[in-house]
Chemist: 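Sharing a structure here in structure tokens format.
Both counts, for ligands and for their atoms, begin at 1 and track the order of listing.
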Amino acid sequence: MEDFNNVNSIIKLIAKSKLKNGDTVLDATVGNGNDILYLMKIVGENGFGYGFDIQEVAVKKTRRLLAENAYENNSEIICDGHENLKLYINKKIDFAVFNLGYLPKADHSIITRSDTTIEAIKSIMDILSKTSVIALASYVGHEGGMEEFLAVKSFVQTLDQKKYNVSIFNFLNQKNSPPKLIIIEKRK
Ligand SMILES: C[S@@+](CC[C@H](N)C(=O)[O-])C[C@H]1O[C@@H](n2cnc3c(N)ncnc32)[C@H](O)[C@@H]1O
């Protein structure tokens, strides 16, 4: 049983409740590959995973991690910005995750940016399956982080409530600007 004291534990809970074996997942910011590996373990060998990152080091590390776990034949990790994802994806997406911000232990000046993040969200919304979710962990402690969160929040709150359930999780009693979690759920 996990404590719900961080964004990733809540993302995992939602992923487990929404996904089934054979589904297709998308990690829009693979980084070290932890999120996509978790999602692949849920969708299994019959599922499919797409991953994006603009840093070659992240792409290589994620491909290696997936290969070590025998998911190399049902995943595609692409070295390109998630704003271009439509060029590569030809399946409906059942669950998409963004871990925004910078890659830990790497160049902290390479960060996700609101304009390309919003462009990617819009692209994913066109290829979502019937009962799907986009989860965004938004870090606000680094320069540009709060600006990105506010821009994404402004965009998602305009989505039609007849089509999407949109919510934000905030850890209200934690110190040091904890990340926020934005959930977009496509309604049936
Ligand atoms: C917080 S890290 C992701 C952590 C990762 N999910 C994990 O499990 O380790 C954010 C990543 O977003 C990547 N990134 C920045 N801009 C991007 C873009 N436009 N498209 C795709 N990835 C991007 C960075 O290179 C960085 O690796």
Side-chain angles (χ1 to χ4, degrees), residues 2 5-16 19 24-43 47 49-69 71-72 75-89 93-127 133-152 155 169 171 176-184:
E2 271 193 72
N5 59 358
N6 66 82
V7 286
N8 292 322
S9 62
I10 300 177
I11 292 174
K12 285 179 182 175
L13 179 78
I14 297 172
K16 270 192 220 157
L19 287 171
T24 300
V25 296
L26 162 63
D27 184 345
T29 56
V30 289
N32 291 318
N34 302 312
D35 294 325
I36 192 162
L37 177 61
Y38 178 78
L39 295 173
M40 291 309 294
K41 284 182 179 171
I42 303 177
V43 299
Y50 289 103
F52 288 83
D53 206 292
I54 51 172
Q55 296 192 66
E56 188 73 42
V57 61
V59 167
K60 281 191 178 151
K61 198 167 176 186
T62 302
R63 282 184 188 147
R64 194 164 59 237
L65 185 67
L66 292 176
E68 281 164 9
N69 286 274
Y71 294 120
E72 73 269 42
S75 63
E76 203 179 328
I77 307 303
I78 297 138
C79 192
D80 198 353
H82 42 224
E83 60 277 15
N84 298 321
L85 60 87
K86 272 197 176 162
L87 298 175
Y88 305 91
I89 297 183
I93 300 297
D94 298 297
F95 192 94
V97 66
F98 291 72
N99 237 300
L100 301 174
Y102 56 81
L103 183 61
K105 296 184 193 150
D107 183 347
H108 287 194
S109 69
I110 304 176
I111 55 170
T112 53
R113 311 225 170 239
S114 57
D115 52 345
T116 40
T117 301
I118 292 169
E119 209 177 320
I121 298 170
K122 286 181 182 167
S123 297
I124 297 169
M125 288 172 66
D126 289 341
I127 51 170
V133 161
I134 306 174
L136 298 108
S138 184
Y139 295 78
V140 292
H142 64 280
E143 209 184 315
M146 182 57 91
E147 184 198 21
E148 182 179 33
F149 167 70
L150 291 174
V152 173
F155 166 64
F169 289 75
F171 294 92
N176 302 328
S177 315
K180 299 169 189 299
L181 176 60
I182 298 173
I183 299 292
I184 304 166

Chemist: Show the nearest heavy-atom pair for residues G31 and D53, with the distance to one decimal.
Modeler: N-OD2, 2.9 Å

Chemist: Other residues, nucleotides and ligands only: do more than 12 of their heavy atoms fall within 6.0 Å of CD on E72?
Modeler: yes

Chemist: Counting only heavy atoms, which portion of A28 has something under 4.0 Å from ligand 1: side chain, backbone, both, or neither?
Modeler: backbone

Chemist: Under 4.0 Å from a heavy atom of G81: which atoms of ligand 1 are those, numbered in the order shown and with their elements?
Modeler: 18 (C), 19 (N), 20 (N)

Chemist: How close do A28 and H82 get, counting heavy atoms only, and between which atoms?
Modeler: O-ND1, 2.9 Å

Chemist: Quick one: look up the protein heavy atom nearest atom 6 (N) of ligand 1 and list residue, atom name and how far away it is.
Modeler: D35 OD2, 2.7 Å

Chemist: With atoms numbered from 1 as shown, which atoms in ligand 1 lie under 4.0 angstrom from a non-hydrogen atom of L100?
Modeler: 1 (C)

Chemist: So if I count the atoms of ligand 1 from 1 in the order they appear, which ones are less than 4.0 Å from some heavy atom of G101?
Modeler: 10 (C)

Chemist: Side chain of S177, backbone of Y139: donor and acceptor closer than 3.5 Å?
Modeler: no

Chemist: When you measure from atom 25 (O) of ligand 1 to every protein heavy atom, which one gives the shortest distance, and what is it?
Modeler: D53 OD1, 2.6 Å

Chemist: Which residue and atom name correspond to the protein heavy atom nearest atom 10 (C) of ligand 1, and how close is it?
Modeler: N99 O, 3.3 Å

Chemist: Find out whether F149 and L100 are in side-chain contact, i.e. whether some heavy atom of one side chain is under 4.5 Å from a heavy atom of the other.
Modeler: no

Chemist: Aromatic rings H142 and Y102: how do their planes relate, parallel, tilted or perpendicular, breaks at 30° and 60°?
Modeler: perpendicular

Chemist: To check your reading of the model: name the closest protein heavy atom to atom 9 (O) of ligand 1, its residue, and the distance in Å.
Modeler: N32 N, 2.9 Å

Chemist: Any N/O of E83 closer than 3.5 Å to an N/O of ligand 1?
Modeler: yes

Chemist: As a check for students: among D115, I54, V57, identify the option with a heavy atom nearest to atom 23 (C) of ligand 1.
Modeler: I54

Chemist: Show which atoms of ligand 1 fall inside a sub-4.0 Å distance from at least one heavy-atom site of T112.
Modeler: 12 (O), 14 (N), 15 (C), 16 (N)

Chemist: Output yes when the distance from some N or O of ligand 1 to some N or O of T116 is under 3.5 Å, and no in every other case.
Modeler: no

Chemist: For I118 and A151, work out which heavy atoms get closest and say how close.
Modeler: CD1-O, 3.6 Å

Chemist: I'd like the name of whichever of T29, V30, T117 reaches closest to atom 7 (C) of ligand 1 through any heavy atom.
Modeler: V30

Chemist: Sort out for me which residue in T24, I14, I42 forms a side-chain contact (heavy atoms from CB on, under 4.5 Å) with F95.
Modeler: I14

Chemist: Please give me the minimum heavy-atom distance between I11 and A135, naming the atom from each residue.
Modeler: CG1-CB, 4.1 Å

Chemist: Under 3.5 Å between any N/O of Y102 and any N/O of ligand 1: does that happen in this structure?
Modeler: no

Chemist: Identify the closest protein heavy atom to atom 20 (N) of ligand 1: which residue and atom is it, and at what distance?
Modeler: H82 N, 2.9 Å

Chemist: Minimum heavy-atom separation for L136 and I121, please, with both atom names.
Modeler: CD2-CD1, 3.7 Å

